[in-house]
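Both ligands and their constituent atoms are indexed starting at 1 by order of listing. Both backbone and side-chain heavy atoms feed into the values below; hydrogens, waters and symmetry mates do not.
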Amino acid sequence: ERAAEEAAGREYMRSLNELTSKAKNKKTIASWNYESNITAYNEEVQTQVFLEVAEEEKEYWKETMTYFWNEFEDEDLKRMFQKYSKLGTSALPEDLNQRLIKAVNNMQSTYAKATICDYKDRMKCDLHVEPEITDIFAKSEDPEELKYTWVEWHKAAGAPSRASFTEYVEMNNEAAKLNGFDTAAEWWLSEYESSDSEEQFMALWKQVHPLYQQIHAYVRRHLRLKYGDNVVSAKGPIPAHLLGNIWAQTWGGVEKFTRPYPDKADVDVTAALISQNYTALKMFKTAEEFFTSLNLSGMPDSFWEKSIIEKPNDGREMVCHASAWDFFDGEDFRIKQCTTITSNFFKTTHHEMGHIQYYLQYKDQPVIYRAGANPGFHEAVGDVIALSVSTPKHLRVMGLLEDGPDDLESNINQLYKMGLDKIVFLPFAYLLDLFRYGVFRGTTTPDNYNCHFWKLRESVQGVEPPAPRSEEDFDPAAKYHVAADVEYMRYYISFIIQFQFHRSLCQLAGEYTPGDSSKLLSNCDIYKSTTAGNALGKMLQLGSSKPWPDAMEMLTGQRNMDASGVLEYFQPLHDWLKAENERTGEYIGWEPSTVQYC
Ligand SMILES: C=C(C[SeH])C(=O)N1CCC[C@H]1C(=O)O
Ligand SMILES: [Zn+2]
């Protein structure tokens, strides 16, 4: 009867856990070897391992489905069976799975290998997106150089992946159907374990939209003042190549010439890192020390032996985009990133180490629960730490910022700098998966991929392409996560919930009191607070063993995601921007673009 069935199910889960650990370890090793050194041989091995493991997982799945787990009383046992019942892409027949793997490998390697010629030296044609193109967008103030670089990158990295992307969509939708979903969109959304996730995401966007419109209007004004009316219009969308980032996803690159109080001391962490001889290793060790100051885990020895923290100079092709890896054996955890000494990479190092910290905290969970409470949680951990690190108070503790006034103007400048990272990013992240939901659902088809992408870029983000676009182009694949089949709503969610987490951690650390202007949320640094660290660790140890509202409630007392954290953090900036945009009579929002892209 049921009790015996559940006892048998429990025993089965124990053996399946071991098998799954080995299977995932094999796949992760094959992927690591391929993405660290893109060769035909390494791709062949990765594909063979994925196909072999898929056949193994099909066998396990058949056994799993012989249990009546839907009637189980033991909620935890039922949750494990429910998760194992979703086979993922391994549900595909071998030939379709091979086509899917090939399509994604084609897009990934196109992206990783794409190079363009230098604007100033057309004979120099070995510029990759990391570090060369990233550096150009962080430094150049020449609209022609930026336009050229933008067009060349999208031509080299995006357009060639159109066919592979179309194949990937077809295969991914087939896999979704075999897992009981209508399309891959519902499969991705199922990770958020709510029937109304899309409505929740839209509600969050409505909460933050007014704040975004204010910072958008302010930045457009200052870009117009710098580049002139015929480059930046008074009421239209902002041209994407002028925002300091090749994807216009964060706008920190324009902070230095648009900030509210220009005569206040500059907070240039990059210069300080360089002048203090920071190396990639020192950035990693510094980040690790913040985690251990919270009584969280340090990195294991194998992490330092096996991670790749700088681009090897042996001429190999590799996936440079930063990533953190769990090898599912409870011991092997690695980061792969092509670090350069910049403030952005200092943040990224904390971001990636946040993933490793989550892996370490839940490493004793059953393998099936070694994931974030929802994908947004995993992206939020490192960023929450970085919110403390990037305060002037903490940067002074580290000697990366000399002492300066803590007056209102400095605080507005600091909030503005953070806003160009955190507020500005929200519409970009949101639209990237609104686009892919439409593609998976078929409301966007290959003959209007690029048109629909830019319609969303204009309507949601208020950004337009620097040059006419057509369906000869395929701009979405010029973004890593589209080429690499990485879901992106996780970042949108992370940039909302990380402020809910930050608020709770700051209260626990005694660094923040609601309504007390001497303890602003934006000036909170939880460094060395073991109280905060222990609370964070407890939530992370859950992995995905409980629905994410349980995890959220454990740390914040709330069971829902809401933008109150973001809005509270940026309130002084919001007030300032509204007053400033009123003072200058800036048009809020944007009229339709006049650029031809559909
Ligand atoms: C650093 C990572 C690896 Se998970 C990343 O892809 N991020 C971090 C922030 C947003 C997103 C991006 O770069 O697009
Ligand atoms: Zn991440």
Between ligand 1 and Lys479, is the shortest N or O to N or O distance under 3.5 Å?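 Yes; the residue has a nitrogen or oxygen that sits under 3.5 Å from a nitrogen or oxygen of the ligand.
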Glu379, any N or O under 3.5 Å of ligand 1 N or O: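 N/O-N/O distance under 3.5 Å: no.
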Of Phe495, Phe425, Tyr488, Tyr492, which has the heavy atom at the shortest distance from atom 14 (O) of ligand 1?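 Selected option, by shortest heavy-atom distance: Tyr488.
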Which residue from Gln337, Gln249, Glu352 reaches closest to atom 3 (C) of ligand 1 through any of its heavy atoms?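 Closest candidate by heavy-atom distance is Glu352.
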Taking the six-membered ring for Trp, is the centroid-to-centroid distance between [X] and [Y] below 6.0 Å?
X: Tyr359; Y: His378; answer: yes
X: Phe290; Y: His394; answer: yes
X: Phe377; Y: Phe501; answer: yes
X: Tyr491; Y: Phe428; answer: no
X: Tyr358; Y: Tyr362; answer: yes

Minimum heavy-atom distance between Ser544 and Arg370, given as atom pair plus value: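 In this case the closest contact between Ser544 and Arg370 is OG-N, 4.4 Å.
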Provide the tally of protein N/O/S atoms nearer than 2.8 Å to the Zn ion (ligand 2).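 Protein N, O or S neighbours of the Zn ion (ligand 2) under 2.8 Å, waters not counted, come to 3.
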Please report which non-hydrogen protein atom sits nearest to atom 5 (C) of ligand 1, along with the residue it belongs to and the distance in Å to one decimal place.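 Scanning the protein heavy atoms, the shortest distance from atom 5 (C) of ligand 1 goes to His321 NE2, 3.5 Å.
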Nearest-contact summary for atom 7 (N) of ligand 1 - protein heavy atom, Å: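 I find the closest protein heavy atom is Tyr491 CE2, 3.5 Å.
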May I ask whether Ala322 places a heavy atom under 4.0 Å from ligand 1?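 Checking ligand 1 against Ala322, which is what was asked, there is a heavy-atom contact under 4.0 Å.
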On the ring face of Tyr218, is Arg220 found with NZ or CZ under 6.0 Å from the centre and within 45° of the axis?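 Relative to the ring axis of Tyr218, which defines the angle, Arg220 lies outside at least one limit.
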For a side chain to side chain contact (heavy atoms under 4.5 Å, CB included) with Ile38, tell me which candidate from Arg316, Gln108, Glu317 qualifies.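 The side chain to side chain contact (heavy atoms under 4.5 Å, CB included) with Ile38 is passed solely by Glu317 among Arg316, Gln108, Glu317.
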Given the rule in the ring pair (Phe, Tyr, Trp, His ring centres under 6.0 Å) test, do Phe333 and Phe303 qualify, once you have shown the distances and angles that lead to the verdict? CA-CA 6 Å; Phe333 308 97; Phe303 170 86; 8.9 Å; no
Just which atoms of ligand 1 are under 4.0 Å from any heavy atom in His355?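 With His355 as reference, the close atoms of ligand 1 come out as 4 (Se).
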Residues Tyr430, Tyr488; criterion ring pair (Phe, Tyr, Trp, His ring centres under 6.0 Å); working and verdict: CA-CA 8 Å; Tyr430 186 42; Tyr488 209 80; over 10 Å; no
